[in-house]
Structure formats: structure tokens, C-alpha cells
Amino acid sequence: MTTAIPIRPRRLRGSPALRKMLREVTLSPADFIYPIFVTSGRGLRRPIPALAGQCRLSPDEAAALAAEVWRLGVGALLLFGIPDYKDAVGSSGADPEGPVQEAIRAIKKAVPEMLLITDVCLCEYTDHGHCGLIREGLVDNDATLPHLAAQALSHARAGADMVAPSDMMDGRVAAIRAVLDSEGYSRLPIMAYSVKYASAFYGPFREAAGSAPRFGDRQSYQMDPARRLEARLEADLDIAEGADLVMVKPAGPYLDIIREIRDRCARPLAAYQVSGEYAMLMAAAGAGLLDEKAAALESLTAIKRAGADLILTYLAPQAARWLREAS
Ligand code: PBG
């Protein structure tokens, strides 16, 4: 007579070495894109109170920082400009001597291999703080497109490796693609902020970039957090218009959306761990409520596990340091 062997489901334990081998997700400094804020001047590294550990940098200091983070294994930067002047149409964004354009040249001289991505939007450059032109109190989508394309072209001429429109106007990817192609930049890729929710988590960024809207909010052009299906539509439209990479933003509160887009689109997918996510983590760690390193690496692991190929994060240099120590 045989006795049945009781089968008991069992979670794999084993040695630390085995557990390490079985990890499905491994973070690497090469996954990160580090967002930085550049301004005109020389020798400036001005701390940003809303974003502990981040600074507004003049082009020469941006180049020095680029060299530092390159040594840590971080190979890409996202540049935001803080201009000297603002007007109704954000024309300083396309100024060939603007801070982003100057910073691109300075960084390329110091670290030629560093991948430089520029944020393309009007909100940092308009006196009203909206991402598009205003007509009769409303954002005029179509009138905005040529201004975005002009800014993207000026970044390309300064030497940017990729442009990243974050404005959320309809048709901006196609408008930027057309201008880049006709001006000899058909090989320059576009990373579209395709799935960008109207999020409270952008608060610290708007202080850092001086880009809070003077009136109203961004709900007419950014997405409703309560809508999932629209994310598919936005990603599909941007890809149809010529986006080479797509992005989901914010990241941590939208892991389901990252997975949704990953499973649906064959384009490389970036996710942006935004200023509010970073500020929350730093504040909680600063108050002794969280272990900064463990919580930071866990948040990044979760974003990668959800399906992001690339992660835009203010934690990039510090996380790269921690990953190096661990390896
Ligand atoms: C510009 C832009 C914003 C962010 C990236 N590009 C702000 C906004 O949409 O208001 C937010 C980034 C962050 O919070 O870290 N349109």
C-alpha cells in the first residue's frame, strides 16, 4: 500500500546567492536619466529648497556635475531651463543663447558621450506659466505647436541627442518631427511624455523651475488620474505621430499604467519618478521615518518591475552610488 505524500506549497528559501540569481529585476545606473535645472551665469550651484539635494546650475557647473554622474555610471541627463526672461509665447525657450542651449554645449565639451535629452515645453518660459499659448483665457493647442517645434529645433542645433516634449498639446510630436526632419535632424529621436497625468506630485518641480501657472490649472491638457483607458490612447497617438520612446508620469502612483503601456506598446518605455515622489521620500527619511536607501531602491525596483526600461529620477546619482557599493 502506498501512502500519498502530502504536497505543501512552499516558498523558495535558499542561500542569499540563490536568491540573488532568482531576481527578475536588477537595477543598474544605466537605467537612469537624471533631470537637472540649468540657468545662465557662471559658477552657480544654487540649492533648490523644494528638492533637497538638487541645485540650479550654471552651464559650467552643469558640465562639472555631468562629469561626476558619468563616473557613477549614469549616462543620460534631462535638461530643464530657467530662463532670464519670460513672455506670452515662451520665446526664450528657443533662444540659441538660452541656458539649456549653453548647457548642452558646455556638457558636450566636458563629457561628449553623455546622452543629453531636453525637456520641450513652454511653461518654464511663459509669463503666465502655462504649457501653451493663451487665447481668451484658454490654452490654444494649435497656436502652440510652432513654438514647441522652434524650441525643439533650437535644442537640436545646440547639440541635444533627444528631445522630450512634456507640454501635452495634441499633435506636438508630429509638429516637432516635421520641423526636425525638414531641418536635417531626421535621426534625432523624440521621447514623448505621452501619458502625463494632471498630478499634485509636480508641486516641488514647479517651485524648482518657477513654472507654476499664474491662473487656473493644467487639467485641460494633462490627464485625469481616474482614467486608465486614456493612457492607451495617448501612447498610441504619440507613436502614430512618430514618438520613438514613450513615457508614463508620475511613476510610483501609476505602476498599473506603466504595466499597461509596457504590455501594449513595443516602443521603449520611460517612467518619471517626479519631484513630489522624491520630496516625499526625502522628507520621510529626513524625519527618521524611512530608511532612505532601502526605500529609494525599493521604489526604483518597483518602477522597473512594472515595466519601465528607463527611469527618470532625481535619485539617479545617489542610487548609482548605492548600487556600486552593493556590487
Ligand atoms: C513641464 C514639466 C513638468 C514636469 C516635467 N516637465 C511640470 C508640469 O507639468 O507642471 C514635472 C517633473 C517633476 O515633477 O519632477 N511641463
Side-chain angles (χ1 to χ4, degrees), residues 32-38 48-56 77-83 86 90 92-93 99-100 117-126 128-134 139 141 144-145 147-148 151-152 155 162-170 172-173 176 190-225 234 238 246-254 270-283 296 299-300 303 308 310-316:
F32 304 143
I33 299 169
Y34 184 37
I36 63 168
F37 299 89
V38 295
I48 299 169
L51 285 177
Q54 309 300 318
C55 294
R56 290 182 174 188
L77 301 176
L78 175 68
L79 275 60
F80 291 102
I82 296 157
K86 302 191 185 207
S92 54
V100 167
I117 310 166
T118 56
D119 184 89
V120 174
C121 193
L122 297 191
C123 65
E124 296 116 273
Y125 306 100
T126 49
H128 45 74
H130 276 287
C131 303
L133 270 50
I134 300 293
V139 171
N141 187 97
T144 303
L145 302 180
H147 296 273
L148 294 167
Q151 187 183 122
H155 293 165
M162 179 150 78
V163 292
S166 69
D167 52 281
M168 289 300 276
M169 299 301 123
D170 292 326
R172 90 273 206 218
V173 174
I176 291 170
I190 298 176
M191 174 168 71
Y193 285 71
S194 302
V195 181
K196 179 171 174 179
Y197 283 93
S199 174
F201 290 96
Y202 308 150
F205 171 93
R206 291 178 188 169
E207 194 185 313
S211 67
R214 292 284 143 80
F215 59 90
D217 54 41
R218 304 211 203 288
Q219 287 180 15
S220 73
Y221 45 99
Q222 298 183 353
M223 293 165 55
D224 181 346
E234 290 283 359
D238 279 0
V246 293
M247 191 198 299
V248 171
K249 176 188 172 191
Y254 295 85
Y272 199 145
Q273 183 180 55
V274 299
S275 56
E277 297 176 69
Y278 172 80
M280 273 195 319
L281 199 137
M282 297 303 279
S299 71
L300 295 167
I303 293 166
L310 302 169
I311 306 173
L312 297 109
T313 176
Y314 302 97
L315 291 165

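Counting starts at 1 for both ligands and their atoms, in listed order.
Atoms of ligand 1 found under 4.0 Å from any heavy atom of Y272, numbered from 1 in the order shown, are 12 (C), 15 (O). Ligand 1 places these atoms under 4.0 Å from at least one heavy atom of S166: 1 (C), 2 (C), 6 (N), 16 (N). Annotation for ligand 1: atoms under 4.0 Å from non-hydrogen atoms of K249 are 2 (C), 3 (C), 4 (C), 5 (C), 6 (N), 11 (C), 12 (C).
At a heavy-atom cutoff of 4.0 Å, ligand 1 is contacted by the side chain of C121 but not by its backbone. Of all the heavy atoms of D119, the ones lying under 4.0 Å from any atom of ligand 1 belong exclusively to the side chain. Looking at C123 against ligand 1, only its side chain comes within 4.0 Å, counting heavy atoms. Here F80 has side-chain heavy atoms under 4.0 Å from ligand 1, and that is the only part of it that gets that close.
Protein heavy atom nearest atom 15 (O) of ligand 1, with residue, atom name and distance: Y314 OH, 2.5 Å.
Taking each of S275, P250, A200, A212 in turn, the one with a heavy atom nearest to atom 14 (O) of ligand 1 proves to be S275. Of the listed options H130, R218, K196, K196 places a heavy atom closest to atom 16 (N) of ligand 1.
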After noting the C-alpha distance and the side-chain angles of L312 and M247, does the key distance pass the side-chain contact (heavy atoms from CB on, under 4.5 Å) rule?
CA-CA 10 Å; L312 297 109; M247 191 198 299; 3.8 Å; yes

Could you give me the CA-CA distance, side-chain angles and deciding distance for K196 and M223, then say whether side-chain contact (heavy atoms from CB on, under 4.5 Å) is met?
CA-CA 6 Å; K196 179 171 174 179; M223 293 165 55; 5.6 Å; no

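A donor-acceptor pair shorter than 3.5 Å can be found between the side chains of S299 and Q273. A donor atom on one side chain and an acceptor atom on the other are found under 3.5 Å apart for Q54 and Y278. Inspection of the E234 and Y193 side chains reveals no N or O donor paired with an N or O acceptor under 3.5 Å.
Polar contact check, Q222 against ligand 1: a nitrogen or oxygen pair lies under 3.5 Å apart.
F205 has its ring centre less than 6.0 Å from the ring centre of F37.
The CD1 atom of I33 lies 9.5 Å from the CG atom of L77; values are rounded to the nearest 0.5 Å. Note that CG of L315 and CD of E277 are 9.5 Å apart. Values are rounded to the nearest 0.5 Å.
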